[in-house]
**Student:** 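Have a look at the structure that comes next, please.
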Number of protein chains: 2
Amino acid sequence: MTEPRWLDATQQRAWRAYVDGSAKLTELMDRDLKTRHGLSVSEYEILVRLSEAPGRRLRMAELAEHASQSRSRLSHTCARLESKGFVQRDHCPSDKRGVFCNLTDEGFAKLDRAARDHVEVVRTYLVDVVSPDDLAAIGRAFDAVRARLDRG
Amino acid sequence: MTEPRWLDATQQRAWRAYVDGSAKLTELMDRDLKTRHGLSVSEYEILVRLSEAPGRRLRMAELAEHASQSRSRLSHTCARLESKGFVQRDHCPSDKRGVFCNLTDEGFAKLDRAARDHVEVVRTYLVDVVSPDDLAAIGRAFDAVRARLDRG
DNA sequence: CGGGAATAGTTTAGATTTCAACCACGTTGC
DNA sequence: GCAACGTGGTTGAAATCTAAACTATTCCCG
């Protein structure tokens with residue numbers, strides 16, 4: 001086995017800062033959304049994606065892709081969101097296997113309230129503490145990561 | 001209630017790219033570590049932090065902080081890692097409430113093997129697809145996030 | 001010293017997530 | 001047509017994670 005190409009000290013520090021900082025940031029946002037609105041980050045994410053979709057509806061597979069969740073997980077989570085009245089699923093007429101997930105008015109209202117608080121957290125702990133250039137760099141970087149992931 | 005300070009289009013794009021890209025990146029790393037080495041990312045993280053600690057041992061509370069996990073979760077995960085022989089817990093003589101978590105030789109060997117593959121993934125999907133400047137920006141940015149989180 | 005508050009860690013129960021199996025429908029090719 | 005395979009989505013059981021309660025010890029302060 002050949003020696004792996006370890007990261008150099010600079011790369012290592014950056015990687016670690018990211019791993020650590022992003023984990024703690026996500027944890028904070030999760031707790032904040034949960035205590036103030038009773039939503040987990042992944043539930044919130046589902047509502048966001050639906051709210052942006054045309055007609056506020058999306059096929060389950062697309063929603064899974066947009067929300068970065070497995071289909072199985074999405075099924076379970078949507079079942080919960082549905083029982084709370086925030087989404088509503090129905091069959092796709094053109095493909096009888098398919099299911100549309102619709103954001104209800106109640107779900108949209110819930111999202112609207114949650115988003116107002118959430119954006120404040122995103123600002124306070126990320127946007128406002130990072131220079132515009134560095135934020136732009138993050139955007140570029142993770143766009144590149146996504147593009148790379150979309151290939152093999 | 002006053003109108004929230006929404007993100008502008010540029011900030012929004014950067015934030016979204018990060019949320020999406022980092023979620024998918026973590027998921028990939030988790031699956032990779034799991035299939036190739038039977039370790040989740042959070043188990044891996046625990047082994048990493050222990051390996052870097054003096055004497056390859058850390059108090060549970062410190063380990064929880066370093067690995068960005070709740071104490072409860074750490075207890076459960078360490079129990080599992082202990083049953084697999086990768087760590088070994090014992091009591092702290094100076095503080096009888098305390099517990100040291102030790103990395104075993106077997107755990108170190110496991111980590112060593114996993115890290116060789118893991119670094120390759122980190123390179124392939126992040127370090128190698130991002131410019132050095134952008135990587136440095138990520139480091140700066142998340143250092144700032146950590147610093148902000150450490151205050152209230 | 002003694003009692004209350006804080007800290008370290010574990011445990012239990014309940015919620016969520018993963019994994020594999022599964023059903024239903026659609027697509028392809030013969 | 002129809003058999004084999006692929007896709008869309010759900011389900012149930014097992015693994016993991018969270019939240020709250022609990023034990024044990026230490027700290028603080030009168």
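Chain A is the first sequence line, chain B the second, and so forth, proteins listed ahead of strands; every chain is numbered from 1.
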**Student:** Are there over 12 heavy-atom neighbours, none belonging to A:Lys84, within less than 6.0 Å of that residue's NZ?
**Tutor:** yes
**Student:** Rounded to whole angstroms, how far apart are CG on A:Leu81 and P on C:dT17?
**Tutor:** 10 Å
**Student:** Here's a test of your reading of the structure: between B:Ser94 and A:Lys34, which maps to the more 5' nucleotide of DNA chain D?
**Tutor:** A:Lys34
**Student:** Return a single string for nucleotides 5-14 of chain D, one symbol per nucleotide in 5' to 3' order, where B is base contact, S is sugar-phosphate-only contact and - is none, cutoff 4.0 angstrom on heavy atoms.
**Tutor:** -BBBSBBB--
**Student:** Distance-only criterion, 3.5 Å: show the donor-acceptor pairs between side-chain atoms of residues 144-152 of chain A and protein atoms not counting sequence neighbours.
**Tutor:**
from	atom 1	to	atom 2	distance (Å)
A:Arg146	NH1	B:Asp20	OD2	3.0
A:Arg146	NH2	A:Asp143	OD1	2.5

**Student:** Mind checking A:Ser40 for me? I need base, sugar-phosphate or nothing, with any heavy atom below 4.0 Å counting as a touch.
**Tutor:** nothing
**Student:** Salt bridge check: are B:Arg59 and B:Glu65 linked by an N-O gap of less than 4.0 Å?
**Tutor:**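 Here B:Arg59 does not pair with B:Glu65 in a salt bridge, since their nearest N and O are not under 4.0 Å apart.
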**Student:** Check the phosphate of C:dT17 against A:Thr77, side-chain N and O only, distance under 4.0 Å to OP1 or OP2. Yes or no?
**Tutor:**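 For A:Thr77, the contact criterion (side-chain N or O under 4.0 Å from OP1 or OP2 of C:dT17) is met.
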**Student:** Taking atom C1' of D:dC17 as reference, at what distance in whole Å does atom CD of A:Glu27 sit?
**Tutor:**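 Distance check: A:Glu27 CD to D:dC17 C1' gives 12 Å.
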**Student:** Heavy atoms under 4.0 Å, any strand shown: does A:Ser42 hit a base, just sugar-phosphate, or nothing?
**Tutor:**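 Sugar-phosphate, no base atom in range.
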**Student:** Salt bridge check, B:Glu45 against B:Arg49: does any charged N sit closer than 4.0 Å to a carboxylate O?
**Tutor:** yes
**Student:** More 5' along DNA chain C: B:Asp30 or A:Lys96, using each one's nearest nucleotide?
**Tutor:**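 Counting from the 5' end, the first nearest nucleotide belongs to B:Asp30.
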**Student:** Is A:Glu106 paired with A:Lys110 through a side-chain N to carboxylate O contact shorter than 4.0 Å?
**Tutor:**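 No, no charged N to carboxylate O under 4.0 Å.
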**Student:** Would you kindly give the CG-to-P distance between B:Leu63 and C:dT7, to the nearest whole Å?
**Tutor:** 19 Å
**Student:** Establish, from distance only, whether the side-chain atoms of B:Ser40 and B:Ser42 form a donor-acceptor pair under 3.5 Å.
**Tutor:** yes
**Student:** Separation of B:Ile46 atom CD1 from D:dT16 atom P, in whole Å?
**Tutor:**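 Those two atoms, CD1 and P, are 12 Å apart.
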**Student:** Mind calculating the distance between CG (B:Asp90) and C1' (C:dG9) to the nearest angstrom?
**Tutor:**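 The answer, rounded to whole Å, is 14 Å.
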